2 protein chains.
Amino acid sequence: MAVGRIKANISKERILSEAEALFAERGFYAVTVREITRAARCNLAAVNYHFGNKQNLYMEVFRCLWKPRAERVLARFEKLLEAQGERTLQGIVRAIAEAFIKGPLSGEERLRHAQMMIREMARPTEAFEMVIGDVIGPFQQKLVELIRPFMAREMGRVALLLHIQSIISMVTHFNFARNPVMRITGMKYDDQFTDELVEHVVKFSLNGLSGAGEGGPS
Amino acid sequence: MAVGRIKANISKERILSEAEALFAERGFYAVTVREITRAARCNLAAVNYHFGNKQNLYMEVFRCLWKPRAERVLARFEKLLEAQGERTLQGIVRAIAEAFIKGPLSGEERLRHAQMMIREMARPTEAFEMVIGDVIGPFQQKLVELIRPFMAREMGRVALLLHIQSIISMVTHFNFARNPVMRITGMKYDDQFTDELVEHVVKFSLNGLSGAGEGGPS
DNA sequence: GTCTATAGCAGGATAGAC
DNA sequence: GTCTATCCTGCTATAGAC
């Protein structure tokens, strides 16, 4: 455990973290190794020393940072669900919305996480297989089983998945498309607004537009 | 109207079209001018001759292809709305879902269109201002006024916008995130599945999960 | 308007000293 | 494990012939 070794690990982790921030913000090709190492305050050659090449660094970001973080979010979801007594549809939806929109991540981290995922969906790389196969796919299957008892008996697996994905799409939209959301609504992403978003997603998911029209003419 | 001029215009338009396809698929930095001109079957220098530089070509893609296409989608929305007799909430939502998910665009075009938009939301460039200010912002404002009569009287503008964006987020998800949607549901984007998607979005938007549980135990 | 040829530069990657 | 120096490739952009 010489000083050199400790410094190496710290340096390696700084590279991973800075690389993720930059990849999330601008994408793989727009980011240069020079930028990453400058941000990580280490030498240009460090990326190749620690990760072999730029591509592999990208993959390691998913393996070492993205996946564990996704697991933290899912663990939070489980915890929120356990904390509720009786299992209800509202409780399930609320746990999803809270875990993703508020969840265990900082605002910065959450945005970064969503952006990395969206990039993989837009243009799959090797990381896609891991993201879908290990994390998102199994999670959605689990959600299907959770909501199935509350839905029409004859509803098939695909229809159930469309319901799940509709909820997820809202959560993702409000996490990811912050620029247009802020621009159009005029709101800032502070605690009050994220609370409002959670409430909105829960209500909309349960009742759609009809749940919001109780006081209206319709 | 010499042959040269006709050929020039065709060449310019081929560049625009191929550039959009490549930018949509892989993003600005991942695409090279060499690739674009190769795809457009013209010379490397043609991009600089017609558009000055690569950045400007990107902007022209939005001005000359993206915006007119967005206007075609919105025109289709208007037409679908007009074709309905009495104005209903379901009619409005159905018009949104059909215009975007089925709409006037080919499958390829729709995906490309959504991807360009998402890229601007993730990382705004100069095109963002046009996309939000001229197209998406005004459209969402119009939708707010359309649904307002059907909603609770005290509902504010921001809350109305959140409802609109929830619908749009689903539509965008099912257009844009085709890779994970296909991977997880196992479905292909054929006519039958897009019909199913429209029906799903309409039902979910109107009633959320509760609308789907009519035959269930809850 | 289209082409070839090339300037000029930035990028990823590596060799080798420390 | 970290650094400097450097190779080499591939990029955008332009000059100038046709």
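In what follows, chains are A, B, ... by sequence order, proteins preceding strands, each numbered from 1. This is a predicted model, so every value here is computed, not measured.
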In whole angstroms, how far is the C1' atom of C:dT14 from the CG atom of A:N56? 16 Å
When the nearest nucleotide of DNA chain D is assigned to A:A46 and to A:R34 on a heavy-atom basis, which residue is associated with the more 5' position? A:A46
B:Y29 has an atom OH; how far is it from atom C1' of D:dG10, in whole Å? 17 Å
Check every atom of D:dT14, D:dC11, D:dT4 against the side chain of B:T32 and return the nucleotide holding the closest atom. D:dC11
Selected nucleotide, minimal atom distance to B:N53 side chain, candidates D:dG1, C:dT14, D:dA13: D:dA13
Which listed nucleotide (D:dC3, C:dG12, D:dA13) is nearest to the side chain of A:V33? C:dG12
With a 4.0 Å cutoff (strictly under), does any side-chain N or O of B:N43 reach OP1 or OP2 of C:dT4? yes
A:E120 side-chain N/O to A:T125 backbone N/O, donor-acceptor pair under 3.5 Å: yes
Rounded to whole angstroms, how far apart are CG on A:N48 and P on D:dC7? 17 Å
Take the protein atom CD of A:E35 and the nucleotide atom P of C:dA10, then report the distance between them rounded to whole Å. 13 Å
What's the closest nucleotide to the B:Y49 side chain, out of D:dT2, D:dA5, C:dT2? C:dT2
On DNA chain C, does the nearest nucleotide to B:L44 precede the nearest nucleotide to A:L44 from the 5' side, or the other way round? Give the residue. B:L44
Which residues share a salt bridge (charged side-chain N to carboxylate O under 4.0 Å, His left out) with B:K102, sequence neighbours left out: B:D195
In whole angstrom, what separates B:K12's NZ from C:dT2's P? 11 Å
Using modelled atom types only, decide if a donor and an acceptor are shared between the side chain of B:E18 and the backbone of B:I36 within a distance under 3.5 Å. no
Looking at the side chain of A:K54, which of C:dT4, D:dA13, C:dA13 is the nearest nucleotide? C:dA13
Quick one: which of C:dG11, D:dT4, D:dT2 gets closest to the side chain of A:S11? D:dT2
What is the distance, to the nearest angstrom, from the CZ atom on A:R38 to the P atom on D:dC3? 15 Å
Does NZ or CZ of B:R119 come closer than 6.0 Å to the centre of the six-membered ring of B:F23, within 45° of the ring's axis? no
Starting at atom CZ of A:R14, determine the distance to atom P of D:dT2, rounded to an integer number of angstrom. 9 Å
Just the rounded figure in Å: distance from P of D:dA13 to CZ of B:F51. 13 Å
Is the cationic atom of B:K12 (NZ for Lys, CZ for Arg) positioned less than 6.0 Å from the six-membered ring centroid of B:F51 and within 45 degrees of its normal? yes
